[in-house]
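Nothing here was measured: the structure is a model prediction, and the numbers come from that model. One-based numbering, in listed order, for ligands and for the atoms of each.
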Amino acid sequence: MRKIATEEACSIPEVAAALRTTAQTGWSNLDMKLVNRIYNGPVANPDPLLPQLLDIDAGRLKVMDEYGVDMHLLSLTAPGVQMFDADTANELVRLANDRLAEVCRKHPKRFTFLASFAPQDPARAVKEMERSVKDLKCNGFMVNSHTDNEYLDLQKYWPILEAAEALDRAIYIHPRAPSEGMAAPYRDYNIETAVWGYGMEVGTHAVRLMLGGVFDRFPKLKIVIGHMGEAVPFWLWRLDFMGAPGKAPRPNKRIPSEYFRDNFWITTSGVEDPLALDYCIKKIGADKILWAIDYPYQPTAPAVKWLDETTIISDEHKELVYHGNAERIFHIPTA
Ligand code: 1WB
Ligand code: MN
């Protein structure tokens with residue numbers, strides 16, 4: 001069975017260097033713990049994740065080969081360029097997108113990519129999105145949740161949503177640590193990270209898009225979220241009950257689960273739980289769920305083993321989750 005992994009992280013030396021510089025300014029937003037650890041370690045003895053993120057060639061292909069992973073859908077890892085000023089961010093996304101496109105041209109059967117953009121400047125972001133589709137043949141877009149503590153439902157960001165819809169490329173909303181307004185309870189126990197904070201951050205982002213009426217304005221917009229839907233699928237009944245049109249002063253014209261079914265896709269990244277997958281298949285449909293590893297933050301072996309071995313999921317559904325849905329949503333040629 002072809003295996004296309006859809007939330008696979010990487011970086012380029014220029015972005016890593018800029019994050020190191022940012023770490024050295026002593027800025028203390030909630031992402032800085034991770035940025036410090038990965039990008040600001042001793043040069044001679046870096047965090048082991050750094051060389052894995054920077055290797056978009058032989059080393060990565062070796063791990064993929066070892067476990068029968070056919071393709072990584074690559075993306076610039078969180079927090080991407082979203083902590084930089086607009087000019088730096090724009091310069092770096094262009095570099096990163098060019099570099100990822102080059103790797104994909106070199107290994108077309110092994111790598112595809114999600115282009116980044118800098119939401120700090122929506123007009124320039126749109127230009128980079130257009131360039132990434134037309135010139136670089138990207139498969140979709142990646143954004144790391146909030147930018148300067150703001151979410152994409154704000155009208156100033158609508159040109160970005162309009163462009164994604166017009167270009168027919170999905171936007172993958174990947175986590176970063178919670179924004180300042182929700183940060184306080186996440187400062188202890190490292191719960192700003194993948195253990196809890198990342199999911200709450202992106203789940204909140206998804207709810208803002210749905211209850212903010214964004215999909216009434218952009219009905220063909222495709223949003224992808226990871227980590228088995230960041231807990232949103234489990235919350236759909238309550239979202240519908242409490243979030244139905246007319247229940248409170250909100251702009252949404254439809255119930256949230258209708259947007260979730262029409263406008264969202266989810267990936268399995270980092271949630272290797274057959275019961276959760278079975279629930280999501282029953283709740284939102286097997287055509288809405290894509291497999292992901294979350295390399296290099298999650299190990300590849302168990303990411304393959306759990307789905308290969310589970311018998312709760314039919315083989316027909318495994319085909320969709322492992323590759324069929326990714327081919328359709330991300331414009332990946334069938335093998
Ligand atoms: C994720 C996990 C992403 C980690 C990351 O990007 C880091 C994820 C900075 O769950 O998508 C992590 O350190 O575990
Ligand atoms: Mn990830």
Side-chain angles (χ1 to χ4, degrees), residues 4-12 15-16 18-20 22-23 27 29-41 46-56 60 63 69 71-84 92 96 100 112-116 140-147 170-179 186 189-206 223-232 265-273 276 289-300 302-303 306 326 330:
I4 302 177
T6 56
E7 191 195 299
E8 311 317 317
C10 65
S11 194
I12 62 168
V15 171
L19 287 169
R20 183 177 180 86
T22 304
W27 188 13
N29 79 22
L30 262 189
D31 285 295
M32 291 312 294
K33 268 190 262 180
L34 172 132
V35 169
N36 238 311
R37 174 168 59 84
I38 299 180
Y39 301 96
N40 197 24
D47 186 282
L49 283 167
L50 186 57
Q52 290 179 292
L53 287 165
L54 292 173
D55 180 340
I56 327 177
R60 185 176 294 247
V63 179
V69 177
M71 181 178 280
H72 274 193
L73 177 67
L74 298 167
S75 50
L76 187 63
T77 193
V81 300
Q82 287 163 251
M83 292 195 347
F84 307 135
L92 288 172
L100 293 196
T112 43
F113 83 109
L114 300 176
S116 293
F141 301 110
M142 168 60 76
V143 68
N144 297 289
S145 202
H146 74 86
T147 306
I171 300 180
Y172 200 127
I173 304 181
H174 186 279
R176 58 181 290 194
S179 58
Y186 293 89
Y189 318 120
N190 291 301
I191 59 169
E192 85 281 9
T193 61
V195 70
W196 186 250
Y198 286 3
M200 294 302 102
E201 163 65 20
V202 175
T204 302
H205 202 151
I223 301 290
V224 181
I225 56 178
H227 314 100
M228 210 63 93
E230 315 286 15
V232 176
W265 281 258
I266 71 171
T267 80
T268 64
S269 53
V271 180
E272 297 163 3
D273 179 353
I289 307 163
L290 290 66
W291 180 66
I293 303 167
D294 209 0
Y295 182 91
Y297 301 107
Q298 297 267 146
T300 300
W306 79 278
F330 291 121

Under 3.5 Å donor-acceptor, Ser11 side chain and Leu54 backbone: no

Taking only non-hydrogen atoms of Glu7 and a 4.0 Å limit, the atoms of ligand 1 in range are 11 (O)

closest protein heavy atom to atom 12 (C) of ligand 1 is Tyr297 CD2, 3.5 Å

The answer for which part of His227 has a heavy atom under 4.0 Å from ligand 1 is side chain

for atom 3 (C) of ligand 1, nearest protein heavy atom and its distance come out as His174 CE1, 3.5 Å

dist Met228:CE -> Asp273:CG (nearest 0.5 Å) comes out at 6.5 Å

Q.
Taking Pro175's backbone N and O only, do any of them form a donor-acceptor pair with Ser145's side chain (distance below 3.5 Å, no angle check)?
A. no

Ala194 meets the side-chain contact (heavy atoms from CB on, under 4.5 Å) criterion, sequence neighbours left out, with Tyr198

| task | Keeping the roles fixed (side chain from Gln82, backbone from Asn144), state whether a donor-acceptor pair exists under 3.5 Å. | result | yes

Excluding waters, which are neither shown nor counted, protein N/O/S atoms under 2.8 Å from the Mn ion (ligand 2) come to 3

Atoms of ligand 1 under 4.0 Å from any heavy atom of Ala78, numbered from 1 in the order shown, are 6 (O), 9 (C)

Distance col, row Cys10:SG vs Arg60:CZ, nearest 0.5 angstrom, shows 5.5 Å

The salt bridge (Lys or Arg N to Asp or Glu O under 4.0 Å) partners of Arg176 (sequence neighbours excluded) come to Asp31

The protein heavy atom nearest to atom 1 (C) of ligand 1 is Asp294 OD2, 3.6 Å

The answer for which part of Leu49 has a heavy atom under 4.0 Å from ligand 1 is neither

Exercise for the section: Measure the acute angle between the ring planes of Phe330 and Tyr172, then classify it against the limits of 30° and 60° as parallel, tilted or perpendicular. Expected result: parallel

Under 4.0 Å between heavy atoms, the region of Thr193 that gets near ligand 1 turns out to be neither

Residues passing the side-chain contact (heavy atoms from CB on, under 4.5 Å) test with Met32, sequence neighbours excluded, are Thr22, Ala23, Asn29, Val35, Met83

**Asked** When you check the side-chain N and O atoms of Glu7 and His174, is any donor under 3.5 Å from an acceptor?
**Response** yes

